[in-house]
> 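Please find one structure pasted underneath; my questions will follow.
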Amino acid sequence: MEKFLRIIDRSSEWTGKAASFLVVFLTLAIGYDITVRYLFDKANFWAYDITYMLYGTYTILGVAYCHYMKGHVRMDLLYSRLSRKGQARMDVICYIFLFFPLFTILLYKCGEGAYWALIHGETSHASVWRPSLAPFKVAIVFGLFLFFLQGIAEFIRALTVAIKGEPHES
């Protein structure tokens, strides 16, 4: 079990750190678009599509890493007043009734959309460039899948604390 949790953690960490380099390309694309548009008075046909796809990919590939690093916003009104075991029980309840149902549906529906985009060659209608949406939609599904796996790892850790009263060894 320990090895399984470490593999999930390292996958989330590696993917999140690798995805962070997309910000460089995003910045270059936006900078190029602004420069060409305002200094040379030329329209760019690809900038809008590339920036929303880069930003979306960067964001979705980073959510599992953010979850691993405990970086998501949490409602601390009651949670912070609970004991460690109470917090773990609250986490287990939230995972069972909120996280897993929501992400099961999201994975299914986004997976359907990515599959459809791959099979039918769906393209963007946001600009005249009309790039394929399949890579973007596959990246969304991959990021959601990593987030789901990281949720499973955190659920197992919370369940261990809720039952035993002590943290998981990883």
Side-chain angles (χ1 to χ4, degrees), residues 4-38 43-77 79 90-92 94-158 170:
F4 173 70
L5 296 177
R6 268 193 308 255
I7 289 170
I8 292 172
D9 290 343
R10 294 300 81 76
S11 298
S12 296
E13 185 176 20
W14 185 87
T15 305
K17 287 180 178 180
S20 70
F21 289 103
L22 291 175
V23 170
V24 174
F25 299 110
L26 179 63
T27 304
L28 289 172
I30 291 170
Y32 176 81
D33 181 43
I34 290 169
T35 302
V36 170
R37 194 169 355 125
Y38 290 109
N44 230 328
F45 65 91
W46 55 266
Y48 177 73
D49 285 314
I50 203 76
T51 54
Y52 81 75
M53 288 183 190
L54 280 173
Y55 183 70
T57 302
Y58 158 74
T59 302
I60 200 68
L61 292 180
V63 293
Y65 179 63
C66 185
H67 195 58
Y68 166 67
M69 297 299 292
K70 312 255 185 287
H72 287 119
V73 175
R74 166 177 302 227
M75 185 67 178
D76 272 349
L77 218 58
Y79 190 84
M90 176 78 81
D91 287 343
V92 167
C94 288
Y95 275 110
I96 290 171
F97 292 107
L98 300 173
F99 185 88
F100 291 132
L102 173 67
F103 280 92
T104 301
I105 293 166
L106 272 173
L107 269 170
Y108 178 74
K109 296 307 282 179
C110 289
E112 274 184 342
Y115 178 74
W116 195 90
L118 281 167
I119 298 302
H120 298 288
E122 181 182 12
T123 59
S124 173
H125 297 286
S127 71
V128 295
W129 179 33
R130 299 179 56 94
S132 172
L133 287 175
F136 179 54
K137 288 190 173 190
V138 168
I140 290 171
V141 173
F142 182 66
L144 287 172
F145 179 70
L146 283 176
F147 192 18
F148 191 79
L149 284 179
Q150 191 63 49
I152 290 171
E154 298 303 324
F155 172 75
I156 290 169
R157 290 181 178 110
S170 67

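As the structure is a computational prediction, the values presented were derived from the model and not from experiment.
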> Hey, does the side chain of Thr15 reach the backbone of Ser12 with a donor-acceptor pair shorter than 3.5 angstrom?
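Absent.
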> Mind listing the closest non-hydrogen atom pair of Leu107 and Phe145 along with its distance?
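Heavy-atom minimum between the residues: CD2-N, 3.6 Å.
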> Taking the side chain as every heavy atom from C-beta outward, state whether Thr104 and Phe148 have any pair of such atoms under 4.5 Å apart.
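In short, these two side chains touch, coming nearer than 4.5 Å.
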> Minimum heavy-atom separation for Gly143 to Val63, with atom names?
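Gly143 and Val63 have their closest heavy atoms at O-CG2, 4.2 Å.
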> Between Phe99 and Phe147, is a ring pair (Phe, Tyr, Trp, His ring centres under 6.0 Å) present by the stated rule, with each step listed?
CA-CA 10 Å; Phe99 185 88; Phe147 192 18; 5.3 Å; yes
> Using every non-hydrogen atom in the two residues, find where Tyr65 and Lys17 come nearest and quote the distance to one decimal.
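Minimum heavy-atom separation between Tyr65 and Lys17: OH-CE, 3.6 Å.
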> Does the plane of the ring in His72 sit parallel, tilted or perpendicular to the ring in His67? Use 30° and 60° as the thresholds.
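His72 and His67: tilted rings.
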> Is there side-chain contact between Thr35 and Tyr38, with at least one heavy-atom pair below 4.5 Å?
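Side-chain contact under 4.5 Å: no.
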> Less than 4.5 Å apart, side chain to side chain, heavy atoms only: is that true for Ile8 and Phe4?
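Ile8 vs Phe4: side chains touch.
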> Measuring from atom OH of Tyr115 to atom NZ of Lys137, what distance do you get when rounded to the nearest 0.5 angstrom?
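Going from OH on Tyr115 over to NZ on Lys137, the span is 14.5 Å.
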> Which heavy atom in Ala158 sits nearest to a heavy atom in Val92, and how many Å separate them?
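Taking Ala158 first and Val92 second, the nearest heavy atoms are C-CG2, 3.8 Å.
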> Calculate, to the nearest 0.5 Å, the distance between atoms CG and CG belonging to Leu146 and Leu61 respectively.
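One finds 7.5 Å between CG of Leu146 and CG of Leu61.
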> Kindly check if the number of other-residue, nucleotide or ligand heavy atoms within 6.0 Å of CH2 (Trp14) is above 12?
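It does not: Trp14 CH2 has 12 such atoms or fewer within range.
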> Find the distance between CG (Asn44) and CD1 (Ile30) and round it off to the nearest 0.5 Å.
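The CD1 atom of Ile30 is 12.0 Å from CG of Asn44, to the nearest 0.5 Å.
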> Do Tyr48 and Ser124 have side-chain atoms, one donor and one acceptor, less than 3.5 Å apart?
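Note: Tyr48 and Ser124 side chains miss the donor-acceptor criterion.
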> What closest approach, in Å, do Ile50 and Ala29 show between heavy atoms, and which atom pair accounts for it?
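That closest heavy-atom pairing would be CG2-CB, 3.9 Å.
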> Quick check for you: to the nearest 0.5 Å, what is the distance between Leu54 atom CG and Phe136 atom CZ?
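Going from CG on Leu54 over to CZ on Phe136, the span is 9.5 Å.
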> To the nearest 0.5 Å, what is the distance between CG (Leu5) and CD (Gln150)?
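Nearest 0.5 Å value for the CG-CD distance: 9.0 Å.
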> Should the ring pair Tyr95 and Phe100 be called parallel, tilted or perpendicular, given that the plane angle runs from 0 to 90° and is split at 30 and 60?
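Aromatic pair Tyr95/Phe100 classed tilted.
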> Any chance OH of Tyr52 has more than 12 other-residue heavy atoms, nucleotides or ligands included, within less than 6.0 Å?
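More than 12 heavy atoms, drawn from other residues, nucleotides or ligands, come within 6.0 Å of this atom.
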> For the pair Ser127 (side chain) and Phe45 (backbone), establish whether a donor and an acceptor sit closer than 3.5 Å, ignoring hydrogens and angles.
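Judged by distance alone, yes, a pair lies under 3.5 Å.
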> Can you name the nearest heavy-atom pair linking Asp49 to Pro131, along with the distance?
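So the minimum-distance heavy-atom pair works out to OD2-CD, 3.4 Å.
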> Determine, step by step, whether Thr51 and Asp33 satisfy the side-chain contact (heavy atoms from CB on, under 4.5 Å) criterion, reporting the C-alpha distance in whole Å, the side-chain angles of both residues, the deciding distance to 0.1 Å, and the verdict.
CA-CA 10 Å; Thr51 54; Asp33 181 43; over 6 Å; no
> Taking atom OH as the centre, does Tyr79 end up with more than 12 heavy-atom neighbours from other residues, nucleotides or ligands that are less than 6.0 angstrom away?
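Result for OH/Tyr79: enclosed.
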> Taking side chain as C-beta onward, heavy atoms only, is Asp91 less than 4.5 Å from Phe155?
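Result no, sub-4.5 Å side-chain heavy-atom pair not found.
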> Between atom OG1 of Thr57 and atom CD1 of Ile140, what is the distance when rounded to the nearest 0.5 Å?
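It is 7.0 Å, given to the nearest 0.5 Å.
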> Are the side chains of Leu133 and Met53 in contact, using a 4.5 Å heavy-atom criterion?
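In contact.
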